[in-house]
Amino acid sequence: EGRAEEGDEEEANEEANEEGNEEGNEEGNEENRENEERDDAAERQRVEGAGIVTAAIGWNSWYDLWDKIVADDIEANSALLAEILKGWPEVEGRNLRVVVDDGWQIAWGEWEANEKFPDGMEALAGAILADGFTPGIWFAPMLVEESNALVEAQPSWFVQGAQWVHPVHGAMRILDLSQPDAESHLRGVVKRIVAWGYTLLKIDFLFSATFEGERASPMTGMAHYKLALKVIREAAGEEVEILAVGAPPVPTLQYVDSWR
């Protein structure tokens, strides 16, 4: 009889412990939820305070057509995207873009429309806008194909003793922005592209600006890199979105809106 009473008491204690544990778990879960909600609110406040904006969405020609693009393909895909997204609540109020990637230019370093874009890049930007998208464009601001006439015509515009070899397009020379005329040239390129109506600049292969070599004004590769980003940002203006690609992150982020 004594052992039975002891057993009943142990069972009652176990039940009480289980109830206590369940209550404790529920309280702990509730506390965790409250902490998560506070953390989420704090993160939203941090993001808003830092001026971080929702990422742009849309279509980029590179991931479908690579560098084999023509104007008609860009216009056809822009029109198709407009039709597909019609009525989608998920995209309402979002910054929808169509980005013209590699393949529009005459050559790397000669950033004018080639024969596949007979009406020019300004006309294409207008067609993209008419579909309800804001236009973006790709280019590699620091690089010029070694075979391009600019290299022979203006040899002092380039970092001496430095080049980068593209696996398809071959040797590239690197603009030296410590040379005033080279800096002025790049500012003109950026301003012209923006004036065509492109408000997102996808600037690629930026790492090349860090390459060491002889420059008109002695500086390290990283100092030259920061100069390059400063020049591009000033020429583009603060209202233009800049996506940096092939870029070292830490010295880049103060000048651009997004990075990969």
Without swapping roles, check the side chain of [X] against the backbone of [Y] for a donor-acceptor pair under 3.5 Å.
X: D101; Y: N60; value: no
X: H224; Y: M219; value: no
X: Q179; Y: S217; value: no
X: E212; Y: G221; value: yes
X: N77; Y: D73; value: yes
X: Q105; Y: A107; value: no

Output the distance between atom [atom1] ([X]) and atom [atom2] ([Y]), rounded to the nearest 0.5 Å.
X: I69; Y: D64; atom1: CD1; atom2: CG; value: 11.0 Å
X: N148; Y: I106; atom1: CG; atom2: CD1; value: 9.0 Å
X: L143; Y: L175; atom1: CG; atom2: CG; value: 8.0 Å
X: K226; Y: Y255; atom1: NZ; atom2: OH; value: 5.0 Å
X: N114; Y: M121; atom1: CG; atom2: CE; value: 8.5 Å
X: F158; Y: I174; atom1: CZ; atom2: CD1; value: 10.5 Å

Self-check item: Summary of ring-ring contact (aromatic ring centres under 6.0 Å, His included) pairs that have at least one residue in residues 117-153, sequence neighbours excluded
Solution: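 Checked against ring-ring contact (aromatic ring centres under 6.0 Å, His included) - neighbours excluded - the pairs reaching residues 117-153 are W108-W138, W111-W138, W111-F139.
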Please find the pair of heavy atoms, one from [X] and one from [Y], that lie closest to each other, and give the distance.
X: W259; Y: L243; value: N-CD1, 3.9 Å
X: D204; Y: G246; value: OD1-N, 4.1 Å
X: W196; Y: A125; value: O-CB, 3.5 Å
X: R173; Y: A162; value: NE-O, 3.7 Å
X: A209; Y: R215; value: O-NH2, 3.4 Å
X: A236; Y: L201; value: CB-CD1, 3.9 Å

Quiz item: Is the centre of the F211 ring less than 6.0 Å from the centre of the W164 ring?
Solution: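 Between W164 and F211, which both carry aromatic rings, the centre distance is not below 6.0 Å.
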Tell me whether [Y] is reachable from [X] by hopping between hydrophobic residues (I, L, V, M, F, W, Y) whose side-chain heavy atoms are closer than 4.5 Å.
X: F205; Y: W66; value: no
X: V245; Y: L206; value: no
X: L80; Y: I74; value: yes
X: I232; Y: V194; value: yes

Quiz item: Could you give all pairs that pass the salt bridge (Lys or Arg N to Asp or Glu O under 4.0 Å) test and reach residues 103-123, with sequence neighbours left out?
Solution: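 Qualifying pairs: E112-R192.
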Quick one, [X] and [Y] - any side-chain contact, counting heavy atoms below 4.5 Å?
X: V100; Y: L124; value: yes
X: E146; Y: M172; value: no
X: D181; Y: Q154; value: no
X: R97; Y: T199; value: yes
X: L177; Y: L186; value: yes
X: E241; Y: K202; value: no

Quiz prompt | Residue among T220, T252, T210 satisfying side chain to side chain donor-acceptor pair (under 3.5 Å) with Y225 | solution =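 Per the side chain to side chain donor-acceptor pair (under 3.5 Å) rule, the option paired with Y225 is T252, out of T220, T252, T210.
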Quiz prompt | Modelled atom types, side-chain donor and acceptor of S78 and D131, under 3.5 Å | solution =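 Their side chains do contain a donor-acceptor pair, which is all the 3.5 Å distance test asks for.
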Practice problem: Would you tell me whether T134 and N95 have side-chain atoms, one donor and one acceptor, within less than 3.5 Å of each other? | Solution: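 The answer is yes; a qualifying pair exists.
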Quiz item: Is any side-chain N of the basic residue among R233 and D257 closer than 4.0 Å to the acidic one's carboxylate O?
Solution: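 Result for this pair is yes, salt bridge flagged.
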Practice problem: Please check if atom CD in Q254 has more than 12 non-hydrogen atoms from other residues, nucleotides or ligands closer than 6.0 Å. | Solution: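 Enclosed.
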